[in-house]
Structure formats: C-alpha cells, structure tokens
Trainee: 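The structure that follows is given in the form of structure tokens.
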Amino acid sequence: MQERIRAIGIRPELAYQECIRVGCGARFDIGDVLFECPRCGDLLDVRYDWSRAALPRSLKNFEGKWARQDDPLAFSGVWRFHELLPFAAREHVVTIGEGRTICRRADRVAKYIGLDEGRLFLQYEGMNPSGSFKDNGMTAAFTHALQVGATRAICASTGNTSASMALFSAVDGRIPGVVLVGSGKIAYGKLAQALDYGIRVIEVQGDFDTCMKRVKEVARSQKIYLMNSLNPFRLEGQKTIVYRILEALGWDVPDWVVVPGGNLGNSSAFGKAFKELADVGLISHMPRLAVINAAGADTLYRIVNEERLAWNGGRVDEARIAAFYERMHAENRRAKTIASAIEINRPVNLKKCLRALEWTGGIVEKVTDQEILDAKAQVGAGGFGCEPASAAGVAGARKLRAAGVISADERVVCVLTGHPLKDPNTTVAYHTKDDAQLATEYGAYGVRRAAYANRPIVVEDDPDKIMAAIRA
Ligand code: F0G
C-alpha cells in the first residue's frame, strides 16, 4: 500500500493519519485503511505538516481557479482547495463536479430569525450533484479509496450518504457498493436516488444506529471500504464548505456558523477547517460554531448542556460518556424526529465535535419538530428551500437570537445541508393538511399546526371558480 502512495507522489511526511486521543496520538500512513485507531480504538484525523505543503500566501489566491473551467479539479468546489487537503495526487482524484454551491444573503429569513438586514447568509449545500453536502465528503473518500486500491464500498445511512455514495459509485464505475438503511427510516427522495443509481440497498429492520454498528462489523471483517463520516477522509472534503463560505464573504470570518448536528461530521470538519486556517495564519480569528440538534435526537445537547462534558484539552471524561449511553440504553430512549436525516442516537464523531466546540467557543441548542417545520417553510418562502434537518439550523439560530446569545447585528451563516426535494412528503403534508389531520398524523412528533402553510385551493373545472380562486 505504502509503495502505491509513494508512487503517486504523496510524501508520507506531508500527510498522515493520527489518533485524536491525547496520550495515544499514534500515527499511521495515508495508505492505511483504518477508520479507528488500531491501538486505542479512538477516532483518527488526517494531519498535514503544513511547512511541507504548497500553501498559498492568501486565501484570495484560490479565486483565480474559477477561470479554469477546463480543469476538473478547478471546476470542483472541493478540489479548488486541493492545497488545503493535500492527501492525494491529482491523478487519483474522483470528482463529479461537486461543491459548486451558493452562499446567498437572505433578508426575509433574517427577519424570521430576528437578524438585521444583510446579516444572514444561507449556504445551500443541497445544490450538490446528489442534493446534499455529502458529496463534499464523498469525493474525498472515493479519492482515498482509489488511492488504496479499494474494490468495494459500504455505508450506513439516514438517506443522504447512501444517495451520494450511490451516485459516485455509478458515475465513477470503479467501486461498486452496498448501503444499509433503516427500513422505513429514510425520506423518499433519498431512497429513490439510491434505487435509481443502481446500488445494492439493504433495508435493515432497525434504525441508523443499528445499521452503523453492522456496517462497522462488515467493513472490518470483509475489508470493505467504509464511506461513513467515521472515515476521516470524508471530513477532509467537508472542510471545503467552510472555504466556500469564507470565499462568499470576501474571505471575512462570520460571527457564527450554524449547522444541524446528526452524526456530527460537519461540525467536526468545520472546526478542523477553521483551526487549520488559523494555525497557518490564513484567517485571523475563529467564528463561533452553533450545532443544532432536533429535540427528539438530542444526544449532543444533553452531553454538552446537561452532563457538562467537554473536550477539555483532550481529556474527555470517557467513563461519563459511557455511563450516559448506558442510561440511554436502560431507559430504552430512541431518537425520534421528523428530520429523519438526523435521527441518530450515538453520533460517531461526538469527540471530534466536542473538540470543535472548544476550538470555536461553540454552543449546542435543540429545536422541536414544530420549530423545524415552521423554519423550513420560511426558508422555502424566502430562498431556495431545504429539507427538514437543514431547517433545524435556521430554527436554532432563531432560538439563539431570541435568547440574546446571537445579536441582531452579528453576521450569521446557516448551512442548509440538503435539497427541499429530498423529503417531499413532509413538505406536502405541512402545506396541505389541516390542524386536525396534522395532529393525527404528526402529533407523535409534537407537530400540531402549520403556521406558514401555503394551502392549495381545490376547485372544480369551472372558469368562474378558477377566476375566483385567482382573485382570492
Ligand atoms: N443534514 C442532512 C440533510 C443530513 O443528511 C445529515 C446527515 C445531517 C444534516 C447531519 O450531519 O452527520 O455531519 O452531523 N446524514 C447522514 C446520512 C447521517 O446518512 O445521510 P452530520
């Protein structure tokens, strides 16, 4: 494996893998396929010796690449920043044109959140080829998979990872895969994609956490390449969301970056991206990260705000985390939220997220499914729209604004992680069902009304009635 990596020009002294556990810190070659530290079982980082990297003097230097549309690596919104994730040589990069997403000022949504005009920006990651932010990570993981000669791939998913992996597998054609999803647990748009892209879909009678556990076992025993965000190369790709946000803001650091929290890959990647940029002097200060849980899937919220557990310079209280999960198991407490993308009990990147919160002075909030659906309708009415999990970020920003944690004049970026068409059922239900129907069908999620419903008007095929409906 190492021979192969050297042959393609990645020097082991430039990029390597390192265990995040303070006191272990074991190092491994970029060519090793690990996903967890073989010594202590903790998470791994991809690390770089920046003194050996070809870093630009200013982030502005990346802008020139926009002009080079004939170069697939310059066209990609991920690989345009290759110098900031230099673990692969050009010839191994697997790109399908991911990461060409838009960050837009959104004044109507700013008003809903309670921010001054011009202070809210929405980062639309749903504009990726598979309709979610996952493509940023998948391009990096597929690239690593090719580097190490993987022949098969696997993932567990609440839907978007499976859609993204299926798309890369289909377009690239070299790494067939299999996805495990919880039966009845993923939104229709996402299931439709995985089926259409022709990947093998296994519907497990369980939830995401069950699938994740099984996938880890299979990846280990069968040596199948793991595409979940436990894979540190996924997170290298997701760092570029931060670079594009900075680029859209003229390379100014915003006050807040708000992101929904599920398996906690994005929050971990964002923290790493900002920390690395600060370490090499490409940004002058850090923004604050706000990670938003759904109230029905609030493991991170409880660990941070109730258990008061923190990264603590790397000395995480593992025993208390274990006790927390044991209690959760004993109480038979299972995640339940209409935002199915983030219906997760045990986020695999928990510790990296705690680290990101420490690096950024970050905070965690939670929002109800009612707040999520109302915020989603507002994002739709005031922008391009998003799927429910993405709206958790906007609902969270509104709550933090109301509590005075975020001020009206601060610059806030909410990352909208998935496209509105991912979950059409929820959207149509919100806009068409009356309060009684909503309470019957979604009451179990605490959803009882649709304050921002845009109700269709049903009329007979009669010109007068149609005119009356138009005038109404
Ligand atoms: N938003 C969307 C639309 C997602 O699909 C996910 C995760 C998240 C937010 C949470 O992101 O894990 O980085 O905290 N979806 C995964 C999946 C779990 O399988 O598609 P995170």
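These numbers were taken from a predicted model, which means no experiment stands behind them. Start at 1 and go down the list; that is how both ligands and their atoms are numbered.
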Trainee: Mark up the atoms of ligand 1 that fall under 4.0 Å of a heavy atom belonging to Thr161, in ascending order.
Mentor: 16 (C), 17 (C), 19 (O), 20 (O)

Trainee: Establish, for the pair Lys336 and Tyr445, whether the NZ or CZ atom is under 6.0 angstrom from the six-membered ring centre and no further than 45 degrees off its axis.
Mentor: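 Yes, a cation-pi geometry holds between Lys336 and Tyr445.
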
Trainee: Measure centre to centre between the rings of His419 and Phe384, then say whether the value is under 6.0 Å.
Mentor: no

Trainee: Report the part of Ser157 in contact with ligand 1, treating N, CA, C, O as backbone and CB onward as side chain, heavy atoms under 4.0 Å; options are side chain, backbone, both, neither.
Mentor: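 It is both backbone and side chain that touch ligand 1.
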
Trainee: Gln238 and side-chain hydrogen bond (donor to acceptor under 3.5 Å, both in side chains): which partner among Asn266, Asp135, Asn136?
Mentor: Asn266

Trainee: Answer with yes or no whether Lys134 contacts ligand 1, where contact means a heavy atom under 4.0 Å from a ligand atom.
Mentor: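 Checking ligand 1 against Lys134, which is what was asked, there is a heavy-atom contact under 4.0 Å.
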
Trainee: With only distance considered, is Thr158 within less than 3.5 Å of ligand 1 through an N or O on each side?
Mentor: yes

Trainee: Verify whether one side chain among Asn128 and Lys134 offers a donor that lies under 3.5 Å from an acceptor in the other.
Mentor: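 Looking only at side-chain atoms, Lys134 and Asn128 do not form any donor-acceptor pair under 3.5 Å.
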
Trainee: With heavy-atom distances below 4.0 Å as the criterion, list the atoms of ligand 1 near Ile342.
Mentor: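 So the atoms of ligand 1 that pass are 8 (C), 9 (C), 10 (C).
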
Trainee: Could you find the nearest protein heavy atom to atom 4 (C) of ligand 1 and give me its residue, atom name and distance?
Mentor: Ala341 CB, 3.5 Å

Trainee: When you check the gap from the basic side-chain N to the acidic O, do Asp107 and Arg119 get nearer than 4.0 Å?
Mentor: no

Trainee: Contact between Val291 and ligand 1, counting heavy atoms under 4.0 Å?
Mentor: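 Distance cut 4.0 Å: Val291 fails for ligand 1.
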
Trainee: Establish, yes or no, whether a centroid distance under 6.0 Å links the rings of Phe35 and Phe233.
Mentor: no

Trainee: Nearest 0.5 Å please: distance from the CZ atom of Arg21 over to the CD atom of Glu318.
Mentor: 4.5 Å

Trainee: Between His82 and Trp79, what is the ring plane arrangement, given parallel below 30°, perpendicular above 60°, and tilted in between?
Mentor: perpendicular

Trainee: Measure the distances from the heavy atoms of Ser132 to every atom of ligand 1 and state whether one is below 4.0 angstrom.
Mentor: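 Checking ligand 1 against Ser132, which is what was asked, there is no heavy-atom contact under 4.0 Å.
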
Trainee: Out of all atoms in ligand 1, which are within 4.0 Å of some heavy atom of Ile344? Include the element for each.
Mentor: 18 (C)

Trainee: Going by heavy-atom distance to atom 13 (O) of ligand 1, choose the closest among Asn266, Asn293, Leu180.
Mentor: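 Residue with the shortest heavy-atom distance to the ligand atom: Asn266.
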
Trainee: Should the pair Lys239-Glu236 be classified as a salt bridge under the 4.0 Å nitrogen-to-oxygen rule?
Mentor: yes

Trainee: What are the atoms of ligand 1, with element, lying closer than 4.0 Å to any heavy atom of Asn263?
Mentor: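 Counting from 1, the qualifying ligand atoms are 12 (O), 14 (O), 21 (P).
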
Trainee: Quick one: look up the protein heavy atom nearest atom 21 (P) of ligand 1 and list residue, atom name and how far away it is.
Mentor: Leu264 N, 3.4 Å

Trainee: To which protein heavy atom is atom 6 (C) of ligand 1 closest, and what is the distance rounded to 0.1 Å?
Mentor: Phe133 CE2, 3.7 Å

Trainee: What atoms in ligand 1 come closer than 4.0 Å to a heavy atom of Gly265?
Mentor: 12 (O), 13 (O), 14 (O), 21 (P)

Trainee: Show the atoms of ligand 1 that are less than 4.0 angstrom away from any heavy atom in Asn160.
Mentor: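 Near Asn160, meaning under 4.0 Å from one of its heavy atoms, ligand 1 has 2 (C), 3 (C), 4 (C), 5 (O), 20 (O).
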
Trainee: Under 6.0 Å between ring centres: does that hold for Tyr243 and Phe62?
Mentor: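 No, too far apart.
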
Trainee: Out of Thr417, Ile292, Val181, whose heavy atom sits nearest atom 9 (C) of ligand 1?
Mentor: Thr417

Trainee: I need the atoms of ligand 1 closer than 4.0 Å to a non-hydrogen atom of Ala389, numbered in the order shown.
Mentor: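 Reading through ligand 1 atom by atom, the close ones are 1 (N).
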
Trainee: With rounding to the nearest 0.5 Å, note down the distance linking CG in Asp298 to NZ in Lys366.
Mentor: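 It comes to 4.5 Å.
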
Trainee: Heavy-atom contacts with Glu387 under 4.0 Å: which atoms of ligand 1 show up? List them by number with element.
Mentor: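 Matching atoms, with element in brackets: 3 (C).
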
